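FYI, the numbering just counts along the sequence from 1. Values in this document were obtained by computation on a predicted structure and should not be read as measured data.
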Amino acid sequence: MRKLSALISLVLAAVLGVAAPAAAATAAKVASGAGAPGSSASTKTLVLYDNTGAYSWLGEDYGMMATNLVSHFGAWTAHPVGSYTAGELSKYSAVVYVGSTYDEPIPAAFLDDVLGTTKPVLWLYDNIWQLTARSADFASRYGYTWKGFDTSAVAEVDYKGTALTRDTRNNAGIMDTVIYDTTKAVSVADAVRADGSKFPWGVKSGNLTYIGELPFSYITSNDRYLAFADLLYDALAPKAAARHRALVRIEDVGPDADPAELRAIADYLSSRKVPFTVAVYSRYRDPKGVHNNGKAEDYTLRQRPLVVSALKYMQSKGGTLLMHGYTHQLDSLSNPYDGVSANDFEFFLAHVDSSDAVIYDGPVKNDSALNVTARVTASRADWLQAGLSQPTIFEPPHYAASALDYKTINTLFGVRYDRGLYFPGVLSGATVDNSVAHMVGQFFPYTVRDVYGSTVIPENIGNIEPEPFNQHPAVLPADLVANAKANLVVRDGVASFFYHPYLGTSYLKQTVEGIQGLGYSFVAASAMTS
């Protein structure tokens with residue numbers, strides 16, 4: 001059996017909350033972007049982020065993550081808070097300020113505009129003390145004030161009756177607040193300490209919502225990140241109706257696939273009236289003969305007509321085919337496993353360390369727009385020769401690519417179906433920092449148009465892994481259903497997972513029917529791009 005790919009659910013260590021050495025802000029451009037398909041033409045969000053100190057790169061990372069999310073609702077503009085100008089907020093529907101640097105120099109003009117506006121303001125984590133200091137009557141006006149960072153081990157955040165998880169390795173603290181007037185201020189969610197005691201995770205008073213931590217660190221499929229994703233509706237789409245859609249993607253289907261397995265998957269999903277997507281790589285390579293007694297193998301879809309027939313059968317049963325790279329491996333490298341298609345990365349370098357963890361190393365050695373375009377072009381030729389219609393959606397193998405690759409993919413497809421990697425420099429216009437120590441990964445509970453310009457169809461609750469591997473625990477249908485249940489807190493969110501056909505249909509049935517039992521309706525990927 002081929003090795004399974006590690007599901008990218010990157011965590012980002014929360015290293016802030018302690019004053020960092022001061023440093024001059026670097027010049028950063030004002031970035032802007034269009035909203036995701038289906039967003040409001042009249043909604044436009046201003047995202048402000050920190051960019052001074054030793055962790056300026058992290059400020060931009062968090063700014064990108066906020067920007068990606070707000071694109072679900074409409075167009076956006078983003079730049080460092082330090083370059084805010086008086087009255088700027090008035091041009092937007094709402095503002096999100098991501099406070100990641102302790103004592104970031106915040107212009108008085110921004111503080112005054114926040115205190116004077118009636119438009120929604122979401123303020124995250126640091127520097128709330130600068131806002132309260134600017135207002136002599138903040139506590140009486142808003143009904144609360146900040147108390148101090150609580151560094152208790154908080155493993156749970158209760159939001160709208162749902163217990164969301166929080167990784168206790170995140171020890172940067174959550175700002176505790178004191179609510180004086182419950183007619184003015186309310187807790188939007190409660191942080192739960194190990195002893196069961198609670199304190200506000202965030203507070204809403206009038207048009208100002210304050211979140212006591214950065215919800216972008218250590219994110220998983222069922223944690224408090226979902227609360228923030230839903231709170232954006234209060235600011236940007238308060239009249240949005242509740243709707244819960246689900247998606248399923250059949251993963252890692254290449255010329256070596258078992259046609260009978262593909263047909264069985266299609267028959268089951270069709271019987272449940274479940275549309276689905278199939279992630280296809282068009283060329284199978286085993287350059288070291290790992291699975292063929294030391295003899296190399298290399299063939300394309302055209303050379304496996306029974307597989308092509310099965311793919312067409314899947315299309316007839318409601319399947320949509322997407323391009324999942326070209327070979328789903330890289331040359332003859334062990335990247336990180338054995339060089340066999342569906343096992344290895346194609347657009348990023350990685351290795352397995354001595355503790356059996358997959359470690360990302362960075363862009364491939366020949367990383368370029370030409371390399372990406374050549375591989376896509378070769379794959380398109382394979383699809384054509386096999387008699388398959390050209391795909392319009394792309395998924396990078398193992399969800400990994402460089403910023404340059406993502407931008408190139410956007411010019412070739414415009415739509416991805418994945419979780420993305422994001423790098424400092426993309427939002428600020430500086431030289432892109434490809435350091436894996438500075439990159440972040442992000443999944444989405446709804447469709448976005450990310451900072452690379454691509455529409456991103458979400459995959460957000462994971463996949464079945466019957467056995468633990470590479471320090472990842474086993475994941476069974478009950479786990480995915482639990483993740484889907486947590487995602488119900490996002491009022492127009494999705495539960496989207498992927499599934500390997502060699503697992504048969506039993507796990508698939510349990511997952512699909514468990515998600516349907518929660519009230520989700522399965523839709524085609526196309527429903528997320530219109």
Would you please indicate yes or no on a ring centroid separation below 6.0 angstrom for Y499 and F276?
-> no
State, with a plain yes or no, whether a side-chain heavy atom of L488 is found less than 4.5 Å away from one of H244.
-> yes
Decide side chain to side chain contact (heavy atoms under 4.5 Å, CB included) for T145 and I179; before the verdict, give the C-alpha distance in whole Å, the side-chain angles of both, and the deciding distance to 0.1 Å.
-> CA-CA 7 Å; T145 192; I179 296 177; over 6 Å; no
Could you tell me whether a side-chain N or O of K184 sits under 3.5 Å from a main-chain N or O of S140, the two making a donor and an acceptor?
-> yes
Gap separating the OG1 atom of T101 from the CG atom of D50, nearest 0.5 angstrom | 4.5 Å
Answer whether the closest heavy-atom distance between the side chains of V432 and L404 falls below 4.5 Å.
-> no
So does E156 pair up with R224, basic N to acidic O under 4.0 Å?
-> no
Side-chain donor/acceptor of S187 to backbone N/O of P200, under 3.5 Å | no
Within 45° cone of Y417 ring axis and under 6.0 Å: R249 NZ or CZ = yes
Check whether any side-chain heavy atom of N222 lies under 4.5 Å from a side-chain heavy atom of N487, and answer yes or no.
-> no
For the ring pair Y180 and Y142, is the centre-to-centre distance below 6.0 Å?
-> no
Hey, what do you get for CZ (R245) to OH (Y520), rounding to the nearest 0.5 Å?
-> 11.5 Å
Please output the side-chain donor-acceptor pairs of residues 523-530 that fall under 3.5 Å, not counting sequence neighbours, one pair per line with the distance.
unit_1 : atom_1 : unit_2 : atom_2 : d
T529   : OG1    : S526   : O      : 3.1

Pair D181-Y144, side-chain donor/acceptor within less than 3.5 Å = no
Closest approach of G462 to S221 (non-hydrogen atoms, all atoms of both residues) | N-OG, 4.4 Å
Check ion pair R166-D223 (N to O, under 4.0 angstrom) | no
Heavy atoms, side chains only, cut-off 4.5 Å: are F522 and L247 in contact?
-> no
Closest non-hydrogen contact found for P477 with I464 is N-CD1, 3.4 Å
With rounding to the nearest 0.5 Å, note down the distance linking CZ in R449 to OG1 in T67.
-> 14.5 Å
Apply side-chain hydrogen bond (donor to acceptor under 3.5 Å, both in side chains) to W129 and D103, showing your working.
-> CA-CA 9 Å; W129 48 89; D103 275 347; 2.8 Å; yes
Can you measure from CD1 (I219) to CE (M65) and round to the nearest 0.5 angstrom?
-> 4.0 Å
Side-chain heavy atoms of I174 within contact of F199, under 4.5 Å = yes
Between OG on residue S83 and NZ on residue K29, distance to nearest 0.5 Å | 13.0 Å
Donor-acceptor contact below 3.5 Å, side chain D353 vs main chain D356 = yes
Smallest separation among heavy atoms of E251 and E395, with atom names = OE2-OE2, 2.5 Å
Minimum-distance pair of heavy atoms, taken over all atoms of P445 and A229 | CG-CB, 3.7 Å
Residues R416 and D450 bridged, charged N to O under 4.0 Å = yes
Non-hydrogen side-chain atoms of I409 and P396 separated by less than 4.5 Å = yes
Does Y49 reach the side chain of V81, with side-chain heavy atoms less than 4.5 Å apart?
-> no
How about F443 and Y225: are their ring centroids closer than 6.0 Å?
-> yes
Quick one: do N460 and S496 satisfy side-chain hydrogen bond (donor to acceptor under 3.5 Å, both in side chains)? Show the steps, please.
-> CA-CA 5 Å; N460 64 319; S496 178; 4.7 Å; no
Fit a plane to each ring of H472 and F469, take the angle between them on a 0 to 90° scale, and name the class: parallel (under 30°), tilted (30 to 60°) or perpendicular (over 60°).
-> tilted
Would you indicate whether the side-chain heavy atoms of S428 and N51 approach each other to under 4.5 Å?
-> no
Whether E88 side chain and T85 backbone form a donor-acceptor pair below 3.5 Å = yes
Expected output: side-chain T43 to main-chain S40 donor-acceptor under 3.5 Å | no
Any chance the rings of Y422 and Y452 have centres within less than 6.0 Å?
-> yes
Can you name the nearest heavy-atom pair linking V96 to F228, along with the distance?
-> CG1-CZ, 4.4 Å
Stepwise, does the side-chain hydrogen bond (donor to acceptor under 3.5 Å, both in side chains) test hold for Q516 with R272?
-> CA-CA 10 Å; Q516 287 177 325; R272 298 293 300 186; 2.6 Å; yes
Would S217 and N170 satisfy side-chain hydrogen bond (donor to acceptor under 3.5 Å, both in side chains), going step by step from the backbone distance to the final call?
-> CA-CA 7 Å; S217 56; N170 184 350; 2.9 Å; yes
Okay, side chain of H72, backbone of T447: is any donor-acceptor separation there less than 3.5 Å?
-> yes
Y102 side, atom OH; Y125 side, atom OH - distance, nearest 0.5 Å | 9.5 Å
Does S135 use its side chain to pair, donor to acceptor, with the backbone of T132 at less than 3.5 Å?
-> no
Return yes if some donor-acceptor pair links the side-chain N/O of D113 with the main-chain N/O of G87 below 3.5 Å, else return no.
-> yes
May I ask you to check whether Y446 and F73 place their ring centres under 6.0 Å from each other?
-> yes
How would you list, by chain and number, every residue that makes a salt bridge (Lys or Arg N to Asp or Glu O under 4.0 Å) with D361, sequence neighbours excluded?
-> none
